Student: 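Could you have a look at this structure, given as structure tokens, before my questions?
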There are 2 protein chains.
Amino acid sequence: MGKYGRDINLKPTVNDIARVAGLSLATVDRVINDRPGVRNVTIERVHKAIKELGYVRDTAAANLARGRIYNFHFLLPESNNEFVSMLEQQITELSEVLTLERTKLSFERVPAFDPQAMARIISKMDPQDVDGIAIFGPENSSVREAIAQIKKRGVAVVALVSDLPDSERDHFIGIDNIAAGRTAGQLMGHFLAQGRKKLLVITGSMLARDHLERRLGFDQVMSEKFTDIDVLPSLEGRDNPDLLERLLPAAFATTPDIAGIYSSAAGNAGLINFLRLNDLDQKVMVVGHELTPLSRDALVQGTFDAIISQDTGHLVRSTVRVLRAKSDSLPINISQERIRIDVYLKENMPPLGS
Amino acid sequence: MGKYGRDINLKPTVNDIARVAGLSLATVDRVINDRPGVRNVTIERVHKAIKELGYVRDTAAANLARGRIYNFHFLLPESNNEFVSMLEQQITELSEVLTLERTKLSFERVPAFDPQAMARIISKMDPQDVDGIAIFGPENSSVREAIAQIKKRGVAVVALVSDLPDSERDHFIGIDNIAAGRTAGQLMGHFLAQGRKKLLVITGSMLARDHLERRLGFDQVMSEKFTDIDVLPSLEGRDNPDLLERLLPAAFATTPDIAGIYSSAAGNAGLINFLRLNDLDQKVMVVGHELTPLSRDALVQGTFDAIISQDTGHLVRSTVRVLRAKSDSLPINISQERIRIDVYLKENMPPLGS
DNA sequence: TTGTAAGCGTTATCAC
DNA sequence: GTGATAACGCTTACAA
């Protein structure tokens, strides 16, 4: 016996189960895969043998035999948005690697902040074509209904980035956005030196749950710990850089002494342009969301001071693992699937191609 | 054809190669696995077919046929250290999941800060028993030599947490410690309000590369951007809580007005005890390393203000993926294997069991 | 309702 | 040097 245990007691196989239960492979397989046409007594016998031997099915072998191919489809918001583009890129990249693992990934853009459109698209999908979908978008009753329907037809569903908590989605893959908002608040509070300061919050859409939650968390911390900071009414930029760039001058005209900005949604391009054009980029403390090429640059230049982020690679890989597990009714490793709230300063930014 | 591409053109298999090359499966297999006893002309023919068809071997099927079991062994420092315990726990947990994937994990403790002992232990290992090892410890010529030897005998080697850059290790799995130190510096600088402040740095051992690098990065940022902060000579705690608790009173006796502490190594228990016993825990700004049960609590209580961390689950999973890839001479996905420098405030701390 | 046997893509043991 | 052929653990026609 090797010191590091090279020779372990082999795990039992379907053959062992068949032998112990005194049945054929086919019957064992029927039971294992809940296929019809087996007497209850027989089912029991198989289950007993499985328990006794501690059998766990070898998924790799099973998939090999089936020639199974997983088809997963992402529904992403149709907005001019670096974060979403990064998701797309990760999907495309991962897709190549995954062909080896019999997994196909695809995506499509869905009108942003438009639950009706989302519901329509979900409803039109053919369960023959997809084993699982990942939905990044707002929730309403139509969306809930569409999800319930497609789930009933055997398609696994996860909510991506923004949760759909009242739907029947199998899982949510994304960060705790309240905590993310709280983190932004804590950083902002610490970064702004003592004294009465004014703070602007930029949000995306009041329809987007993730935006709402961030705002909520941020306000919690502000009112709990940093009562000397004035939080101004928020600016709703709809993740649209141009709109944002048009809205900002008015905000600064009304309140010229804004000391900090929490940019809680997308559309950073507009904000960065505005700050640089008006020579405010080194004066205002800015905390933003999502590490993208633009925000990276802003961090390096000192236009941004911190970025709260979530790893798009992790989001996509996690989606695939979870959808696969759900399609096979297998358990998931929660700790591996938990998406971290990343905090980036200029110093700990990971290198670009990552 | 399904809308989401259910039917893709199947990937070529060894059978296709054999057919195209006009050879048998056995010969193709010999070539693919560099086994001897094939004429050069034949080898060429096979390679040509592989190129033409774009063949990529199905690892799952290969492992199934081989009945291969991967054996990976971790060498961890023998010190009273929560971080190392967390690594052990992750190894143990992952090990269970991985038996399904024909992978056995084991670990042993090696005297800390003792490269000779490490070299001895590596040299004594039997390549029959292990396919790969992960080394967490300091480097010296004996260690380098031991690594070179064991690699020559076909064992994959990765450096874990602390790099062994001049050795022949296949890969380093851990964070960029210079950047981690810089991050700590940046946070500390921002958190300490303006004015001449005194700052204490606690290090582990000057032998440990990771500790040295963090100190280096921290000092870089301090001298570049926060010149009004006085960085005191560092305290070498050797990752030993008791030693640290004995050293701290003297440091505070000499310099009572210490405003910040950067605890760059392990042994936080001693620091926390000292601060609480002396009523300093809410007064001194503390940045520490590694999210552990103790440091989590310190963060919640406000004894610590920020923690720089690396995810132990990610470290262990990444080690396994990389060792597997290296044993099979397969490529790795660099971006998935890059370990993030996590920054935790009280607000974005992940829930405990993660 | 149950069993037999072929096959998934790869490796390994024989022969020739 | 090369080629049949069985085997890995599981699924699935097709028979019985």
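Owing to the predicted nature of the structure, the values given are computational and were not obtained by experimental measurement.
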Student: Going by side chain to side chain contact (heavy atoms under 4.5 Å, CB included), name the residues that satisfy it together with B:V322, two or more places apart in sequence or in a different chain.
Tutor: B:V158, B:H171, B:I173, B:S318, B:K326, B:I332, B:E337

Student: Apply salt bridge (Lys or Arg N to Asp or Glu O under 4.0 Å) to A:R19 and list each qualifying residue two or more places apart in sequence or on a separate chain.
Tutor: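 For A:R19 the salt bridge (Lys or Arg N to Asp or Glu O under 4.0 Å) partners, ignoring immediate neighbours, are A:D16.
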
Student: Check whether any side-chain heavy atom of A:E52 sits under 4.5 Å from a side-chain heavy atom of A:V20, and report yes or no.
Tutor: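 In short, these two side chains touch, coming nearer than 4.5 Å.
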
Student: Rounding to a whole Å, what distance do you find between B:I17:CD1 and C:dT11:P?
Tutor: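 From B:I17 CD1 to C:dT11 P: 12 Å.
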
Student: How many Å lie between NZ on B:K11 and P on C:dC8, as a whole number?
Tutor: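 Roughly 14 Å, once rounded to whole Å.
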
Student: Kindly give the heavy-atom pair with the smallest separation between B:K104 and B:I69, and that separation in Å.
Tutor: CG-CG2, 3.9 Å

Student: Can you tell me the distance, in whole Å, between the CG atom of B:L53 and the P atom of C:dG9?
Tutor: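 B:L53 atom CG is separated from C:dG9 atom P by 14 Å.
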
Student: Quick one: do B:R39 and B:E44 make a salt bridge, cutoff under 4.0 Å?
Tutor: no

Student: With a non-hydrogen cut-off below 4.0 angstrom, is A:I32 in contact with a base, only sugar-phosphate, or nothing?
Tutor: nothing

Student: Any donor-acceptor pair under 3.5 Å linking the side chain of B:D170 with the backbone of B:V157?
Tutor: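 Yes, the answer is positive, given that a donor and an acceptor are paired below the 3.5 Å cut-off.
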
Student: Can you tell me the distance, in whole Å, between the CZ atom of B:R68 and the C1' atom of C:dT10?
Tutor: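 To the nearest whole Å, that distance equals 14 Å.
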
Student: Write down the distance between CG (A:L330) and P (D:dC10), rounded to a whole number of angstrom.
Tutor: 13 Å

Student: Between atom CZ in A:R45 and atom P in C:dT1, what is the gap in whole Å?
Tutor: 14 Å

Student: Describe the nucleic acid contact of B:V38 in one word from base, sugar-phosphate, nothing, applying a heavy-atom distance below 4.0 Å.
Tutor: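 Counting heavy atoms under 4.0 Å across all strands, the contact made by B:V38 is with sugar-phosphate only.
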
Student: May I have the list of side-chain donor-acceptor pairs in residues 54-66 of chain B shorter than 3.5 Å, sequence neighbours left out?
Tutor:
{"unit_1": "B:R57", "atom_1": "NH2", "unit_2": "B:N33", "atom_2": "OD1", "d": "2.4"}
{"unit_1": "B:D58", "atom_1": "OD1", "unit_2": "B:A60", "atom_2": "N", "d": "3.0"}
{"unit_1": "B:D58", "atom_1": "OD1", "unit_2": "B:A61", "atom_2": "N", "d": "3.0"}
{"unit_1": "B:D58", "atom_1": "OD2", "unit_2": "A:R102", "atom_2": "NH2", "d": "2.9"}
{"unit_1": "B:N63", "atom_1": "ND2", "unit_2": "B:Y70", "atom_2": "OH", "d": "3.4"}

Student: Taking 4.0 Å as the cut-off, does a side-chain nitrogen or oxygen of B:T27 come that near to OP1 or OP2 on D:dG3?
Tutor: yes

Student: For the pair A:T42 (side chain) and A:V38 (backbone), establish whether a donor and an acceptor sit closer than 3.5 Å, ignoring hydrogens and angles.
Tutor: no

Student: Return whichever of B:T42 or B:L64 has its heavy-atom-nearest nucleotide of DNA chain D closer to the 5' end.
Tutor: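 Closest to the 5' end, via its nearest nucleotide, is B:T42.
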
Student: Could you state the atom-to-atom distance from CG of B:N63 to C1' of C:dC8 in whole Å?
Tutor: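 Going from CG in B:N63 over to C1' in C:dC8 covers 15 Å.
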
Student: How close do A:I147 and A:R169 get, counting heavy atoms only, and between which atoms?
Tutor: CG2-N, 4.1 Å

Student: Could you list, one pair per line, each protein nitrogen or oxygen that sits under 3.5 Å from a nitrogen or oxygen of nucleotides 12-16 of chain C, together with the distance?
Tutor:
{"unit_1": "C:dA12", "atom_1": "OP2", "unit_2": "B:R35", "atom_2": "NH1", "d": "3.0"}

Student: Estimate the overall bend of the helix from C:dT1-D:dA16 to C:dC16-D:dG1 from the end axes over five pairs each, rounded to 10 degrees.
Tutor: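 Axis-to-axis angle, ends of the helix: 40°.
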
Student: Not counting sequence neighbours, which residues clear side-chain hydrogen bond (donor to acceptor under 3.5 Å, both in side chains) with A:R109? List them please.
Tutor: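 Listed in chain order: A:E88.
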
Student: As a test of reading the structure: which of D:dC10, C:dT10, C:dG9 is closest to the side chain of A:R102, going by heavy atoms?
Tutor: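 It is C:dG9.
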
Student: Report the nucleotide, chosen from C:dG3, D:dG9, D:dG3, that has the shortest atom-to-atom distance to any side-chain atom of A:A61.
Tutor: D:dG9

Student: Specify the separation, in whole Å, of atom CG of A:D58 and atom P of D:dA7.
Tutor: 19 Å

Student: Classify B:G37 by what it touches in the nucleic acid, base, sugar-phosphate, or nothing, heavy-atom distance under 4.0 Å.
Tutor: base

Student: Using a cut-off of strictly less than 4.0 Å, decide whether A:R57 has a side-chain nitrogen or oxygen near OP1 or OP2 of D:dT11.
Tutor: yes

Student: Reckon B:S24 has a side-chain N or O less than 4.0 Å from the OP1 or OP2 of D:dG3?
Tutor: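 Looking at the OP1 and OP2 atoms of D:dG3, one of them is under 4.0 Å from a side-chain N or O of B:S24.
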
